[in-house]
Asks: 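After the structure tokens below, expect a handful of questions from me.
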There are 2 protein chains.
Amino acid sequence: MSVQPENANTYGKGICPKDVLTLADCPSRLLLDQIADKWSVLVLAVLKEGPLRFNMIKRRLEGITQKALTQTLRRLERNGIVSRHVIPVSPIAVEYQVTALGKSLDQPFRALYEWTFLHLPEVERARQAFDERHSG
Amino acid sequence: MSVQPENANTYGKGICPKDVLTLADCPSRLLLDQIADKWSVLVLAVLKEGPLRFNMIKRRLEGITQKALTQTLRRLERNGIVSRHVIPVSPIAVEYQVTALGKSLDQPFRALYEWTFLHLPEVERARQAFDERHSG
DNA sequence: CGGTATCCAGCTTGATACTG
DNA sequence: CAGTATCAAGCTGGATACCG
């Protein structure tokens, strides 16, 4: 997210020029807004196994609508994360696959997943404690 | 996101029991839904510098409303990412700070930030190319 | 100071229908 | 098959007012 490498830090201890942070300041939003939405993560998980056609992706993703899948794929394609190949047969076939850029996301995503996996119990405890505090 | 360590993989090459993925299957959403929203990232960036009181955070975050900040802080608190301390003076003072759990998020976030930083030009090229394809 | 309550506009979402 | 079009419903987010 807006975590910066120590030496490229434009935020930090009040040394940001304006002394305030704006949404636009945060380069990570470039990624998060586009990738961390409801479906992108799962689409990528499915496509990681190999190229798939539209309806094949749809079948592997329980509950996604045609519209949502189209939107998700378009956004991923626009950001260079997946590529789209039209195969001119009849009826038409369209194949999607993860690009090299998309594959390079695997390492950071894995780090995030591992954090979640490791700290899930702690997060759940925190939620329980909070919910109890705010009911009793 | 839904990237799994190789050996804990419940998705993978069609070996998922149901052979379909549901939103609930993806443990990463636990984190992403709650942290990757519009403001959480920036709130954490500000709080990383040290504990701050409500209105001090608000002043450092250009454009955030009182309501949005309250909601963001509550969600972060519920997930154990920040903690809230009421200082019983008059008028009342409330201090927020990042917890140990919250601090442990720094590494995965840094990985993500570094990816963004490194691949920004490529993403921007992809967007330009896409936008040209879809206008001409 | 640090909130909560209320109201309302706008964006997103899903269901449905239609098309090359 | 792989979409686009359309429309209603719902949730989110901002503005405003008030409270302990």
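Protein chains get the first letters and strands the later ones, always in sequence-line order, with residue 1 at the start of each. Bear in mind the structure is a predicted one, so any value in this text is a computation, not a measurement.
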Asks: Looking at the side chain of B:Arg53, which of D:dA15, C:dC1, C:dG14 is the nearest nucleotide?
Replies: C:dC1

Asks: Picking from A:Arg53, A:Arg84, A:His85, what satisfies side chain to side chain donor-acceptor pair (under 3.5 Å) with A:Tyr96?
Replies: A:Arg84

Asks: Can you check the B:Leu61 CG to D:dG13 P distance for me, whole Å?
Replies: 15 Å

Asks: Look at the side chain of B:Gln66 and decide which nucleotide, out of D:dA17, D:dT4, C:dC7, has an atom nearest to it.
Replies: D:dA17

Asks: Rounded to the nearest angstrom, tell me the gap between atom CZ in A:Arg74 and atom C1' in D:dG3.
Replies: 8 Å

Asks: Looking only at heavy atoms, what is the nearest atom pair of B:Gly80 and B:Thr99, with distance?
Replies: O-OG1, 2.6 Å

Asks: Among D:dC1, D:dA15, C:dC1, which nucleotide sits nearest the side chain of B:Pro91?
Replies: C:dC1

Asks: What nucleotide, of C:dC1, C:dT4, D:dA2, holds the atom closest to the side chain of B:Thr70?
Replies: C:dT4

Asks: With respect to the side chain of A:Gln71, which nucleotide from D:dG14, C:dT13, D:dC1 is positioned closest?
Replies: C:dT13

Asks: Taking CG from B:Leu69 and P from D:dG14, how many angstroms apart are they, rounded to a whole number?
Replies: 12 Å

Asks: Taking only side-chain N and O atoms of A:Tyr96, does any of them lie within less than 4.0 angstrom of OP1 or OP2 on D:dG3?
Replies: yes

Asks: Just how far is it from atom CE of A:Met56 to atom CG of A:Leu47, taken to the nearest 0.5 Å?
Replies: 12.0 Å

Asks: Strictly distance-based, threshold 3.5 Å: is any side-chain N or O of B:Ser40 a donor or acceptor partner for the main-chain N or O of B:Ala36?
Replies: no

Asks: Given D:dC1, D:dT6, D:dG3, which nucleotide is nearest the side-chain atoms of A:Phe54?
Replies: D:dG3

Asks: Between P on D:dT12 and CH2 on B:Trp39, what's the gap in Å once rounded to a whole number?
Replies: 17 Å

Asks: Answer with base, sugar-phosphate or nothing: what part of the nucleic acid does B:Lys38 contact at a heavy-atom distance below 4.0 Å?
Replies: sugar-phosphate

Asks: Nearest-Å distance, CD (A:Glu77) to P (D:dA2)?
Replies: 14 Å

Asks: Whole angstroms only, please: what is the CD-C1' distance between B:Glu62 and D:dG14?
Replies: 16 Å

Asks: So does B:Asp131 pair up with B:Arg127, basic N to acidic O under 4.0 Å?
Replies: no

Asks: Could you check how far CG of B:Asp37 sits from P of C:dT12, rounded to whole Å?
Replies: 15 Å

Asks: Could you work out which one of C:dT13, D:dG14, C:dG20 sits closest to the side chain of A:Ile92?
Replies: C:dG20

Asks: Taking only N and O in the side chain of A:Arg84, is any of them less than 4.0 Å away from OP1 or OP2 of D:dG3?
Replies: yes

Asks: Can you identify which nucleotide, out of D:dC7, D:dG13, C:dG3, has its nearest atom closest to the A:Lys67 side chain?
Replies: D:dC7

Asks: To the nearest angstrom, how far is B:Met56 atom CE from C:dG2 atom C1'?
Replies: 13 Å

